Enquirer: 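Starting off with a structure, shown below.
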Amino acid sequence: MLFSNEENTLPIAEDAFLLKGFLLGNGEALLLALNQVVEQSPFRFMVTPGGHSMSVAMTNCGPWGWVTDGQGYRYQMSDPVTKEAWPTMPAIFMTLAQEAAEMAGFPNFLPDACLINRYSIGAKLSLHQDKDETDFSQPIVSFSLGLPAIFDFGGKTREAPKKALLLEHGDVVVWGGKSRLNYHGVRSIKAGSHPVLGEYRINITFRRCQ
Ligand code: MD6
Ligand code: FE
């Protein structure tokens, strides 16, 4: 690890932390691994149960993948596009996710699902809770790469006050425990260009879903 000092571990809420720049130094290796995943299970625009196409393109790796369609939100072991198993979770994904979780006070994180989100300029993710998993004792670990985003982190209800966080290339958010079910969302990505990822933001989110 390039560094692991406390100044870069910023508390957001109870049991929730922003690990500023945690992935710097591993960006290239992560993107190489990401390309291999996407070759096997490409990004696609999923449809919400209400029939709206999402503005964020998604894919998954690991044993379980998160999907949405007319039937609802769920985790499943096969990719509905390729009809095959999702690609294996790259070792570098797993290692960095576990290291980040440990830094945030979750030493036994064992993710079985990894959702990959690709935001183009203007894409956003409305306020939501992550509640399709069965085990809320495990945290969520979220990597940010490419263009920056404003991440709204709220409370237990939609109406609770929100903190606006800037997530930049290399940042990791870890949250669990008392904040595990807090509402959150990503505001519309502003126009810009990242030296490596161009006009995209990539978010890689690890969970224990079973
Ligand atoms: C994103 N992330 O950052 C979307 N959920 O693009 C999430 O929805 C998220 O970052 C739970 C925990 C961390 C996250
Ligand atoms: Fe989420």
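Order of listing sets the numbers, starting from 1, for every ligand and every atom in it. As the structure is a prediction and not an experimental result, all values here were calculated from the model.
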Enquirer: Find the distance between CG (D135) and CZ (R180) and round it off to the nearest 0.5 Å.
Expert: 8.5 Å
Enquirer: Short question: side chain of D152, backbone of K162 - any donor-acceptor pair under 3.5 Å?
Expert: no
Enquirer: Using the six-membered ring wherever Trp is involved, compare the ring planes of F93 and F206 and label them parallel, tilted or perpendicular (cut-offs 30° and 60°).
Expert: perpendicular
Enquirer: Please report whether the ring centroid of F17 lies less than 6.0 Å from that of W175.
Expert: no
Enquirer: Assess whether side chain to side chain contact (heavy atoms under 4.5 Å, CB included) is satisfied between L165 and I150, documenting all intermediate values.
Expert: CA-CA 6 Å; L165 304 174; I150 304 286; over 6 Å; no
Enquirer: For the atom pair CD (Q98) and CG (L96), what is the distance rounded to the nearest 0.5 Å?
Expert: 10.0 Å
Enquirer: Are C114 and M94 packed together at the side-chain level, in the sense that at least one heavy-atom pair is separated by less than 4.5 angstrom?
Expert: no
Enquirer: So which N/O/S atom does D130 have closest to the Fe ion (ligand 2)?
Expert: OD1
Enquirer: Residues around ligand 1, heavy atom under 4.0 Å from any ligand atom, sorted by chain and number. Can you pull those?
Expert: Y119, L125, H128, D130, I140, S142, F151, W175, H184, V186, R201, N203
Enquirer: Compute the angle centred on the Fe ion (ligand 2) spanning NE2 of H184 and NE2 of H128, and express it rounded to 10 degrees.
Expert: 80°
